[in-house]
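Structure record follows, encoded as structure tokens.
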Amino acid sequence: MNKGNAVLKPAARELDALSEFHKALGDYTRIRILWLLMEREWCVSGLAEEKKMAESAISHQLRVLRGVRLINGHRVGKNVFYSLADNHVRWILEKTYDHILEQ
């Protein structure tokens with residue numbers, strides 16, 4: 001890996017975090033959720049209805065995505081609305097999608 005002219009040498013804990021990050025992206029349901037979150041915020045019930053899944057299953061997947069800082073949530077009344085954590089997440093999804101389209 002290069003960043004400019006310097007070779008990156010991640011520490012073991014950073015490699016572990018990177019591995020967990022990619023594990024979170026490695027699940028079909030979580031990718032579907034992230035793709036929806038690229039469009040707008042969603043609450044758990046809205047995602048469950050859209051994906052025809054139980055709210056508990058959606059909540060579990062959102063917990064994983066929050067754990068690796070791919071998404072953020074904010075409370076409005078009784079609902080928590082989720083969105084992508086930042087533009088880096090969008091960039092990663094778009095670039096990896098571009099990459100698979102090139103194959």
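In this structure, D98 places its CG atom where more than 12 heavy-atom neighbours from other residues, nucleotides or ligands lie under 6.0 Å away. More than 12 non-hydrogen atoms from other residues, nucleotides or ligands lie less than 6.0 angstrom from CD of E50. Within a 6.0 Å sphere centred on NE2 of H74, other residues, nucleotides and ligands contribute more than 12 heavy atoms.
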Name the atoms and distances for all side-chain donor-acceptor pairs under 3.5 Å in residues 52-69, with sequence neighbours left out.
unit_1: S59; atom_1: OG; unit_2: E55; atom_2: O; d: 3.1
unit_1: Q61; atom_1: OE1; unit_2: R30; atom_2: NH1; d: 2.6

Atom pairs and distances, donor-acceptor, side-chain atoms in residues 8-20, under 3.5 Å, two or more places apart:
unit_1: E14; atom_1: OE1; unit_2: A11; atom_2: N; d: 2.7
unit_1: E20; atom_1: OE2; unit_2: K23; atom_2: NZ; d: 3.1

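Atoms CD1 and NE2, on I92 and H88 in that order, are 8.0 Å from each other to the nearest 0.5 Å. Put simply, OH on Y97 and CD on E94 are 11.0 Å apart, with the number rounded to the nearest 0.5 Å.
Looking at L84 and L34, their side chains come closer than 4.5 Å, going by heavy atoms from C-beta outward.
Here F81 is tied into one hydrophobic group with V76, each link being a pair of ILVMFWY side chains closer than 4.5 Å.
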Handout entry: Chi angles and distances behind the side-chain contact (heavy atoms from CB on, under 4.5 Å) call for I31, L25
Key = CA-CA 6 Å; I31 287 291; L25 288 175; 4.1 Å; yes

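Not one N or O on the side chain of N72 forms a donor-acceptor pair closer than 3.5 Å with the backbone of S83. D86 places a side-chain N or O within donor-acceptor distance of the main-chain N or O of V89, the cut-off being under 3.5 Å.
Nearest approach of L93 to T96, heavy atoms of both residues: O-OG1, 3.1 Å.
A single hydrophobic cluster is not seen to contain both L70 and Y28; linkage of ILVMFWY side chains at heavy-atom distances under 4.5 Å, directly or through other members, places them apart.
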